Number of protein chains: 2
Amino acid sequence: MTVRETLQRAGIQPTRIRLALAEYLFDGTDKHVTVQQALDILRERRMLPSLASLYNTFNEFCRVGLIRKVTLDGGAAWFDTNMAPHYHLYHEDEGRLEDIPLDALKITGRPQLPRGASVRRIDIVIRVGRD
Amino acid sequence: MTVRETLQRAGIQPTRIRLALAEYLFDGTDKHVTVQQALDILRERRMLPSLASLYNTFNEFCRVGLIRKVTLDGGAAWFDTNMAPHYHLYHEDEGRLEDIPLDALKITGRPQLPRGASVRRIDIVIRVGRD
DNA sequence: GTACGTGCAAACGTTTTGCAGCGGG
DNA sequence: CCCGCTGCAAAACGTTTGCACGTAC
């Protein structure tokens, strides 16, 4: 499926910036990027989107379920192209985020939930660093 | 142990703002508060610290290991008075954070770590909401 | 022509910082 | 007396928004 088709199926127009960002994000390898990193990459590719438009584009991709946002610390948000349920490994020294497949961790036990409430999501970040 | 002693043992001077914040935070019940919430509470108690000083105080408490910072979404950071290893339950509807005791969840399996790297921390947030 | 994508600048919420002044050991 | 806490203001940072312009269908 072409990137253009991906956008169309998601119900958003395949405009220049969206195509350029999608071509980078959906090149076959899972990615974790910040808006700033993506801006730098698009600039190398002679696209010169404004920061605001890039934020809009990322948010739009999130809204239609093409990517998801990962918030780590106070800093910039990460966007993750892997939409399958999974967890994260964060390399503190490198400031790099990596996927942990769902089946690599097993969580047993459930905390007491208030009645009428249900689990929306389970976020797990394993933070590692050099010894 | 008095709050004053707690601060002294942590190696920081028990000044007015620090005492007032510590008296609130360490009253015996575990707490999760944002800086803004703490400011409101201290104001009710006739303390009128500046926002900047309150940030400094929270950061100082973090630095000496009296509390720890929990970052959830892009918004304001939470400070947690429970220093024992544990996980978190986040009530999305109420915007409220709650502790999950360490033994309520069991995690088995370890992701592949790069050699020479070790786990610094495991952050787990279970997000719940009304059905 | 209309709807919407885009760029720019400004506003926003949170947090940090620089600096002058005050106050406690 | 001196170190360092405090307050204020400004700036920094990531992000969002308002608005005018452009562009594609």
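Residue numbers start from 1 in every chain, and the chains themselves are labelled A, B, ... in the order their sequence lines are given, proteins ahead of strands. If you're wondering where the values come from, they're calculated on a predicted model, not measured in any experiment.
- Within 4.0 Å of Leu54(B), counting heavy atoms only, lies no atom of the nucleic acid at all.
- Closest to the Ala76(A) side chain, of the nucleotides dT6(C), dT15(D), dC5(D), is dT15(D).
- Contact annotation: Tyr55(A) reaches the phosphate of dT15(D) (side-chain N/O to OP1 or OP2, under 4.0 Å).
- To the nearest angstrom, P of dT16(C) lies 8 Å from CG of Asn56(B).
- Atoms CZ (Phe58(A)) and P (dG14(D)) sit 14 Å apart, rounded to a whole Å.
- Not a single donor-acceptor pair under 3.5 Å links the side chain of Asp103(B) to the backbone N or O of Leu105(B).
- Closest to the side chain of Gln13(A), out of dG5(C), dT14(C), dA9(D), is dG5(C).
- Distances were taken from every side-chain heavy atom of Ser53(A) (C-beta onward) to each of dG7(C), dT16(D), dT15(C); the shortest belongs to dG7(C).
- Rounded to a whole Å, the CE atom of Met47(B) is 12 Å from the C1' atom of dG7(D).
- Nearest nucleotide to the Thr57(B) side chain, out of dT15(D), dG7(D), dT6(D): dT6(D).
- Between Ser118(B) and Asp131(A), the side chains place a donor N or O and an acceptor N or O closer than 3.5 Å (distance only, hydrogens not considered).
- Checking dT15(C), dC8(D), dT16(D) against the side-chain heavy atoms of Ser50(B) singles out dC8(D) as nearest.
- For the pair Lys31(B) and Phe79(B), the NZ or CZ position fails the cation-pi test of under 6.0 Å to the six-membered ring centre and within 45 degrees of the ring normal.
- Look at Thr15(A) and you won't find any side-chain N or O under 4.0 angstrom from OP1 or OP2 of dT23(D).
- Between Leu21(B) atom CG and dC5(D) atom P there is a gap of 15 Å when expressed in whole angstrom units.
- If you measure from atom CG of Leu72(B) to atom C1' of dG13(C), you get 16 Å, rounded to the nearest angstrom.
- Counting any heavy atom pair closer than 4.0 Å across all strands shown, Ile17(B) reaches sugar-phosphate atoms only and no base atom.
- Nearer to the 5' terminus of DNA chain C, by closest-nucleotide assignment, is the contact made by Leu51(A) (compared with the other of Leu51(A) and Gln36(B)).
- One atom, CG of Leu48(B), and another, C1' of dC8(D), lie 14 Å apart when rounded to the nearest Å.
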### Task
Report the C-alpha distance between His91(B) and Glu98(B) in whole Å, list the side-chain angles of each, state the deciding distance to 0.1 Å, and finish with yes or no for side chain to side chain donor-acceptor pair (under 3.5 Å).
CA-CA 8 Å; His91(B) 300 262; Glu98(B) 193 182 338; 2.6 Å; yes

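- Computed from coordinates, the Ile12(B) CD1 to dG24(C) P distance equals 17 Å when rounded to whole Å.
- For the pair Asp73(A) CG and dT14(C) C1', the interatomic distance rounds to 15 Å; values are reported in whole Å.
- Judged by distance alone, the side chain of Arg96(B) and the main-chain N or O of His32(B) form no donor-acceptor pair under 3.5 Å.
- Note on Arg16(A): every side-chain N or O is 4.0 Å or more away from OP1 and OP2 of dG5(C).
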